[in-house]
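The figures here come from the full heavy-atom set of this structure, side chains too, leaving out hydrogens, waters and symmetry mates. The chain is numbered in sequence order, starting from 1.
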Amino acid sequence: YDGQTEIVIPGKNENRSYAPDGSLLWHFDGQMSVLTIPSPFVVENLLYITSGYFQDNKRPVFAVKPGARGDISLEEGMSSNEFIKWSVQGMGPYNTTPIVYKGLYYTCLDRGMITCHDAISGDLVYNRKRFPQGASFTASPWAYNGKIFALSEQGDTYVIRAGREFEVLGVNSLDDMAMASPAIVGDHLLFFHRVGDQEVVENRHSSTGEIRWQFRYATAYRDRYGYNNGPRSSPVISDDRVYTMGAEGRLHCFDLATG
């Protein structure tokens, strides 16, 4: 903002912003949940911060204006102040990072629901609309061409009409489980998921869903706590290369166009 870089760190005890030299710019006690997983992000000069561990009653969302300095904590009973434009309680997601698209703030909740708020005012547009029974979300949603896309852990991508009315336009399925958020650049949509005992990297056309290339390799990983076997890290795209880190720590590098 205004030519200055800020490094924003959300956390259980405080949300903080640092300058690149490590000096503290601003902070506030957001009463965040015990696990703070979603990434903060900026759209149209508003910084969005949230957390929502499903076993915690503290699941807040904050929209922070630029230029803050010092302690910007909310007074008791208040939902906004000079630098916190709006906040709501009980609406934060566990794993997914929300998305702002065409003035609306969408949140995929881990137990198969989606909420929508006005991104500028924080007003509720629709609340906890449910996807088909059994859907759950770890991957973050993305948007393209007037649509919101939500990839479930079951490998189904729900296509939702962007706007103030909830409508599922269609469902596109991968072969098996999916935990990692896709990566997008231009018309390249990169998925990293698991099918049986294989981890799969694939490049699809973002408009048609056509598979451009696919790479599979064997994995024996089993989560020691009985959770989903991943992979959970998203592909990283840099210039004309795609990088993936599998559940067993295998790093792969691919040519974006050819695989």
Side-chain angles (χ1 to χ4, degrees), residues 1-76 78-89 91-101 105 107 110 117 119-120 122 138-142 179-185 190 192 230-239 241-247 249 251 253:
Y1 169 73
D2 197 26
Q4 181 170 353
T5 297
E6 296 189 23
I7 303 168
V8 177
I9 309 295
K12 175 180 178 293
N13 295 323
E14 275 200 332
N15 298 309
R16 296 182 175 186
S17 173
Y18 295 92
D21 64 5
S23 59
L24 182 63
L25 298 176
W26 54 260
H27 62 102
F28 69 96
D29 181 358
Q31 297 290 308
M32 305 290 274
S33 61
V34 65
L35 296 180
T36 303
I37 298 174
S39 299
F41 65 98
V42 175
V43 177
E44 299 293 339
N45 270 344
L46 278 180
L47 167 69
Y48 298 91
I49 301 175
T50 185
S51 69
Y53 181 49
F54 70 97
Q55 291 184 334
D56 197 327
N57 291 328
K58 299 174 182 176
R59 299 190 296 274
V61 182
F62 299 94
V64 181
K65 294 187 284 187
R69 292 294 183 271
D71 187 349
I72 63 170
S73 297
L74 292 168
E75 297 290 338
E76 186 174 354
M78 302 297 290
S79 62
S80 63
N81 61 24
E82 180 183 2
F83 289 107
I84 297 178
K85 184 171 179 61
W86 59 264
S87 67
V88 294
Q89 298 297 318
M91 291 292 184
Y94 179 22
N95 286 297
T96 66
T97 297
I99 187 172
V100 170
Y101 184 64
Y105 174 95
T107 304
D110 63 296
H117 291 79
I120 302 301
T138 295
S140 301
W142 68 99
M179 301 282 285
S181 303
I184 307 167
V185 61
L190 276 296
F192 188 28
R232 295 176 181 159
S233 61
S234 298
V236 173
I237 302 172
S238 179
D239 297 326
R241 295 289 184 266
V242 179
Y243 301 88
T244 62
M245 178 67 75
L251 176 66
C253 175

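The closest donor-acceptor contact from the side chain of W142 to the backbone of I99 lies at 3.5 Å or more, if one exists at all. S234 places a side-chain N or O within donor-acceptor distance of the main-chain N or O of S181, the cut-off being under 3.5 Å. The backbone N or O of D29 sits less than 3.5 Å from a side-chain atom of S73, completing a donor-acceptor pair.
The two residues P10 and T36 come nearest to each other via the heavy atoms CB-CG2, 3.8 Å. The minimum heavy-atom distance linking A119 with V100 is given by the pair CB-CG1, 3.8 Å. The minimum heavy-atom distance between A19 and I7, with the atom names listed, is O-CD1, 4.3 Å. The shortest non-hydrogen separation linking P38 to P93 is CG-O, 3.6 Å.
Considering only residues two or more places apart in sequence or on other chains, S233 meets the side chain to side chain contact (heavy atoms under 4.5 Å, CB included) condition with F192, M245. Remark: F54 pairs with Y94, D110, R111 by the side chain to side chain contact (heavy atoms under 4.5 Å, CB included) rule, at least two apart or across chains. Remark: V185 engages H188, I237, L256 in a side chain to side chain contact (heavy atoms under 4.5 Å, CB included) (not counting sequence neighbours). The side chain to side chain donor-acceptor pair (under 3.5 Å) check on S51 picks up S33, with sequence neighbours excluded. The side chain to side chain contact (heavy atoms under 4.5 Å, CB included) search around S17 returns E6, V8, L25, W26, not counting sequence neighbours.
Between the CD1 atom of I9 and the CZ atom of R16 there is a distance of 10.5 Å, given to the nearest 0.5 Å. Between N15 atom CG and L47 atom CG the span is 8.5 Å, to the nearest 0.5 Å. To the nearest 0.5 Å, atoms NZ (K65) and OG (S80) are separated by 8.0 Å.
Taking the ring centroids of F62 and F28, they lie under the 6.0 Å cut-off. In this structure, Y48 has its ring center closer than 6.0 angstrom to the ring center of Y105.
Considering only heavy atoms from C-beta on, M32 stays 4.5 Å or farther from N13 through its side chain. For the pair I84 and L74, the minimum side-chain heavy-atom distance is below 4.5 Å. Contact check for T50 versus P98: side-chain heavy atoms found under the 4.5 Å cut-off. L190 is not listed as a side-chain neighbour of P182, based on a closest heavy-atom distance of 4.5 Å or more. In this structure, the side chains of Y53 and I37 stay at 4.5 Å or more apart for every pair of heavy atoms. Side-chain contact between I72 and H27 is absent, with no heavy atoms from C-beta onward closer than 4.5 Å. Counting heavy atoms from C-beta outward, T244 and P231 have side chains that stay 4.5 Å or more apart. Using a 4.5 Å heavy-atom cutoff, the side chains of L46 and K85 are in contact.
Judged purely by distance below 3.5 Å, without hydrogens or angles, the side chains of Y243 and R241 never pair a donor atom with an acceptor atom.
More than 12 heavy atoms of other residues, nucleotides or ligands lie within 6.0 Å of CG in D71, so this atom counts as buried by the packing criterion.
Applying the salt bridge (Lys or Arg N to Asp or Glu O under 4.0 Å) test to pairs two or more places apart or on separate chains, none has a residue in residues 32-58.
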